[in-house]
Amino acid sequence: MGLYQTFHPVVFLWSLLWGVMIYAVYDILRAVRYINKNKMWVSVTADIFFMVISALFVFTFSLAYNFGETRIYMIFGMILSFLFLKLTVGRFTTLFICKIFSVFSKFVRKMFLIFKKVTTKVLKLFALLVYNLGKIRKKLLCTYFRKKGKRNEKKTKNT
């Protein structure tokens, strides 16, 4: 009997934690929308993805903690923690994620420019090498065929 009396409050507390996880997914998707400048297809895709993930979270939670039964206090706990986080730390988390993205994109851009400079120099050296090998090949072939042509001329003069 004691287990039964504490079962529902414990499930409610767990639903608060799962609401935090749903908010984390929401915040990441909101940052993706913000980074892509609220393009319509990105917003629609992010909203559909969020709905599917939220439904899977609620379904998994109800299976894991409440034997497959979805109760109103579970949904209320998830919504309560979600709204609390959205209203308190929502702006800061989005700005933080966008700042991390901008630092990461600057780093990737610099690495790409370094890679581009290095590959350009290597390709220029390779092109110069191929060009010089082509010239050497032409000289060798020309001298070979000239000598062969002179040998053939000598043979034809003797006959």
Side-chain angles (χ1 to χ4, degrees), residues 1-138 140-141:
M1 185 74 180
L3 179 66
Y4 183 76
Q5 290 175 349
T6 60
F7 177 72
H8 295 292
V10 169
V11 171
F12 178 74
L13 292 175
W14 277 107
S15 70
L16 290 174
L17 182 64
W18 281 66
V20 171
M21 290 189 288
I22 290 173
Y23 178 75
V25 171
Y26 171 77
D27 215 18
I28 291 169
L29 292 175
R30 186 169 60 159
V32 167
R33 287 169 44 174
Y34 181 76
I35 289 167
N36 288 310
K37 298 176 180 61
N38 289 327
K39 292 180 183 174
M40 180 63 95
W41 69 272
V42 174
S43 296
V44 170
T45 306
D47 288 344
I48 291 171
F49 186 70
F50 176 71
M51 287 186 284
V52 169
I53 293 297
S54 298
L56 286 174
F57 272 29
V58 171
F59 177 72
T60 305
F61 178 74
S62 66
L63 281 178
Y65 292 103
N66 208 17
F67 310 112
E69 296 176 355
T70 303
R71 305 218 180 232
I72 194 71
Y73 64 85
M74 292 170 36
I75 304 295
F76 180 71
M78 289 182 193
I79 291 173
L80 184 69
S81 64
F82 180 86
L83 288 177
F84 177 75
L85 288 173
K86 181 164 175 40
L87 295 174
T88 56
V89 297
R91 173 174 275 167
F92 301 114
T93 55
T94 302
L95 291 175
F96 180 71
I97 290 172
C98 291
K99 186 66 176 174
I100 288 173
F101 177 77
S102 67
V103 168
F104 179 73
S105 64
K106 286 178 185 177
F107 175 73
V108 168
R109 198 170 294 128
K110 286 182 181 179
M111 293 303 293
F112 178 74
L113 289 175
I114 290 170
F115 178 74
K116 184 178 176 182
K117 286 180 183 177
V118 169
T119 54
T120 303
K121 288 181 181 179
V122 168
L123 288 176
K124 282 182 180 178
L125 289 174
F126 184 71
L128 185 63
L129 177 70
V130 169
Y131 177 74
N132 288 335
L133 285 176
K135 287 175 84 177
I136 292 170
R137 184 186 60 94
K138 275 186 180 179
L140 289 174
L141 288 176

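- At a threshold of 4.5 Å between non-hydrogen side-chain atoms, the residues Phe115 and Val118 do not count as touching.
- The backbone N or O of Val32 sits less than 3.5 Å from a side-chain atom of Asn36, completing a donor-acceptor pair.
- Shown here is Ile72, whose CD1 atom has no more than 12 heavy atoms of other residues, nucleotides or ligands within 6.0 Å.
- Using bins of under 30°, 30° to 60° and over 60° for the plane-to-plane angle, the ring pair Phe76/Phe12 lands in the parallel bin.
- Contact check for Leu63 versus Thr60: no side-chain heavy atoms found under the 4.5 Å cut-off.
- Ring planes of Phe61 and Trp18: tilted class, angle from 30 to 60°.
- The two residues Ser43 and Arg33 have their closest heavy-atom pair at OG-NE, 3.8 Å.
- Taking CD1 of Ile75 as the start and CG of Leu80 as the end, the distance is 13.0 Å to the nearest 0.5 Å.
- For Ser15 against Ser81, the heavy-atom pair with the smallest separation is O-OG, 4.3 Å.
- Between Met78 and Phe57 there is no side-chain heavy-atom pair separated by less than 4.5 Å.
- In this structure, CZ in Phe82 is found 8.5 Å from CG in Asp27, a value given to the nearest 0.5 Å.
- The environment of Phe50 atom CZ is dense: over 12 non-hydrogen atoms of other residues, nucleotides or ligands sit within 6.0 angstrom.
- Distance check, rounded to the nearest 0.5 Å: CZ of Phe101 to CD1 of Ile35 gives 4.5 Å.
- Considering only heavy atoms from C-beta on, Ile97 stays 4.5 Å or farther from Tyr34 through its side chain.
- In plain terms, the two heavy atoms of Val11 and Met74 that are nearest each other are CG1-CG, 3.7 Å.
- Distance CG/Leu85 to OH/Tyr26: 12.0 Å, rounded to 0.5 Å.
- Counted within 6.0 Å of OH on Tyr73, heavy atoms from surrounding residues, nucleotides or ligands total more than 12; the atom is thus considered enclosed.
- Contact between Ile22 and Ser54 at its shortest, heavy atoms only, is CG2-OG, 3.7 Å.
- If you take NZ on Lys124 and OG1 on Thr119, they are separated by 10.5 Å, rounding to the nearest 0.5 Å.
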